[in-house]
Undergrad: 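Dropping the structure in here first, questions after.
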Amino acid sequence: MAMAVQVASLWLPSSSTTPTHLNLLHSFGSKSKPPSSSSSALSATSSLSSPAPTIQIVGGRNPTWYENGNANDAFEDDWYDLDTDLYHWTKALRPVQWYPGHIAKTEKELKTQLKLMDVVIEVRDARIPLSTSHPQMDLWLGNRRRILVLNREDMISTADRNAWATHFAREGTKVVFANGKLGMGAMKLGRLAKALAADVNVRRRAKGLLPRAVRAGIVGYPNVGKSSLINRLLTRRMCPAAPRPGVTRELKWVHFGKDLELLDSPGILPMRISDQTAAIKLAIYDDIGERSYGVADIASILVQMLARLPSVGTETLNKRYKMDADGYCGKTYVQKLAVHLFNGDTHQAAFRILTDFRKGRFGWIALERPPR
């Protein structure tokens, strides 16, 4: 029998042909253990604790339930199960795609400018470091020296920061945690860029050439804080910056003293985002243009994710909006909030949820953890 998945009252047929009939109702704040599969990269052990429907599955194998396990293991498993669930939730939604014309032009120009750079500074959002990594970045940079900046470190917990620091240290990647708004990490970044490219002028002198400033290019996805970092390095506003994607539209070289030149670049995205779980996270954190997604859809998924996270859960949602979230899927919750506070305006209700999350009203939350 074919499997079908219902997400936010939408049905999506699946290719499963297992003849077992099964009804699963995942709830807000619940932690479910999906059917195990050794062939799926998304499979992970999980746990389930409370009820409120977010996804309904008909067909497939019987699930196993987390019982009498280690609580810490269950907490860690929740993160990997959340990605598994998010993968299924996105199947029923319109794909999130955003590729404005200036990005295509920038990508072409940036590839040319990369050949002139001594070191590349790749900026990512510390809350979703994997989702803000361009899939072709390694190919473009080759063996060029690279510094990875995880910006907005003030918006993640110390535990998340330490986990990512350990992860990248094991990979041998130089990482700087930064806060572009306050300037934390900016000076360290400047010193590191100069140090990595110090041998440039050593080679020039050996050839009888005069020394020159180190050239560093700052690249990354839209709205990850590239221009803000440059402004903090220069201690003055040299590059336009705003908390929304698409503000920087052209490449711009700026001088940092006599020893360092920085290239500010517009955010670059793949022409087509194949990983829709990453695309949903970009939308949640406002790292992609709002026209690329339905606000109500993204808010509905965010509600389901927050309800599953132990650091938030249904209690925080209930206190924030003075509503009972138990028993409601994300879509229903947004609709109920619309009636409760916005005279039935679903868009305004969804926008309020996203805005509250982005401003840290539920706490500063990272939606990614290092892969196992």
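Note that the numbering runs from 1 along the sequence shown for the chain. Computation of the quantities below employed the complete heavy-atom set of this structure, encompassing side-chain atoms and omitting hydrogens, waters and symmetry-equivalent molecules.
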Undergrad: Restricting to salt bridge (Lys or Arg N to Asp or Glu O under 4.0 Å), what partner residues turn up for K319, sequence neighbours left out?
TA: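 Listed in chain order: E315.
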
Undergrad: Check I273, V224, V96 against L282 for a side chain to side chain contact (heavy atoms under 4.5 Å, CB included) and give me the one that passes.
TA: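 For L282, the side chain to side chain contact (heavy atoms under 4.5 Å, CB included) check succeeds only for I273.
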
Undergrad: Considering non-hydrogen atoms only, spot the tightest contact between N151 and G225 and give its length.
TA: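 Closest approach of N151 to G225: ND2-CA, 3.4 Å.
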
Undergrad: Could you tell me which residues satisfy side chain to side chain donor-acceptor pair (under 3.5 Å) with S131, sequence neighbours excluded, listed by chain and number?
TA: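 Side chain to side chain donor-acceptor pair (under 3.5 Å) check on S131 returns E368.
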
Undergrad: Enumerate the ring-ring contact (aromatic ring centres under 6.0 Å, His included) contacts for residues 281-310, please, sequence neighbours excluded, ordered by first and then second residue.
TA: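 Qualifying pairs, neighbours excluded: Y285-F357.
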
Undergrad: Could you list all the ring-ring contact (aromatic ring centres under 6.0 Å, His included) pairs where at least one residue sits in residues 103-158, not counting sequence neighbours?
TA: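 Checked against ring-ring contact (aromatic ring centres under 6.0 Å, His included) - neighbours excluded - the pairs reaching residues 103-158 are H134-W140.
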
Undergrad: My understanding is that only residues two or more places apart in sequence, or in another chain, count here; which of them pass salt bridge (Lys or Arg N to Asp or Glu O under 4.0 Å) with D259?
TA: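 D259: no salt bridge (Lys or Arg N to Asp or Glu O under 4.0 Å) contacts found.
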
Undergrad: Output every pair passing side-chain hydrogen bond (donor to acceptor under 3.5 Å, both in side chains) with a member in residues 118-129, not counting sequence neighbours, ordered by first then second residue.
TA: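 Sorted result for residues 118-129: D118-R212, E122-R124, E122-R146, R124-S133, D125-R127, D125-R152.
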
Undergrad: Please enumerate all residues that pass side chain to side chain donor-acceptor pair (under 3.5 Å) together with R94, with sequence neighbours excluded.
TA: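 Residues passing side chain to side chain donor-acceptor pair (under 3.5 Å) with R94: none at all.
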
Undergrad: For the pair K281 and D83, find out whether any cationic side-chain nitrogen is under 4.0 Å from an anionic carboxylate oxygen.
TA: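 D83 and K281: salt-bridged.
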
Undergrad: Heavy atoms, side chains only, cut-off 4.5 Å: are E109 and T112 in contact?
TA: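 They are not in side-chain contact.
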
Undergrad: Going by side-chain contact (heavy atoms from CB on, under 4.5 Å), name the residues that satisfy it together with H167, two or more places apart in sequence or in a different chain.
TA: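 Applying side-chain contact (heavy atoms from CB on, under 4.5 Å) to H167 gives W164, E171, P370, P371.
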
Undergrad: Got a sec, which residues hit salt bridge (Lys or Arg N to Asp or Glu O under 4.0 Å) with R161, two or more places apart in sequence or on another chain?
TA: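 Only E153 meet the salt bridge (Lys or Arg N to Asp or Glu O under 4.0 Å) criterion with R161.
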
Undergrad: Applying side chain to side chain donor-acceptor pair (under 3.5 Å), can you list everything that pairs with R352, at least two apart in sequence or on another chain?
TA: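 For R352 there are no side chain to side chain donor-acceptor pair (under 3.5 Å) partners, ignoring immediate neighbours.
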
Undergrad: Tell me every residue that passes salt bridge (Lys or Arg N to Asp or Glu O under 4.0 Å) with R272, counting only those two or more places apart in sequence or in another chain.
TA: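 With sequence neighbours excluded, R272 shows a salt bridge (Lys or Arg N to Asp or Glu O under 4.0 Å) to no residue whatsoever.
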
Undergrad: Using the side chain to side chain donor-acceptor pair (under 3.5 Å) criterion, which residues pair with Q113? Sequence neighbours excluded.
TA: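 Once residues adjacent in sequence are excluded, the partners of Q113 under the side chain to side chain donor-acceptor pair (under 3.5 Å) criterion are W253.
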
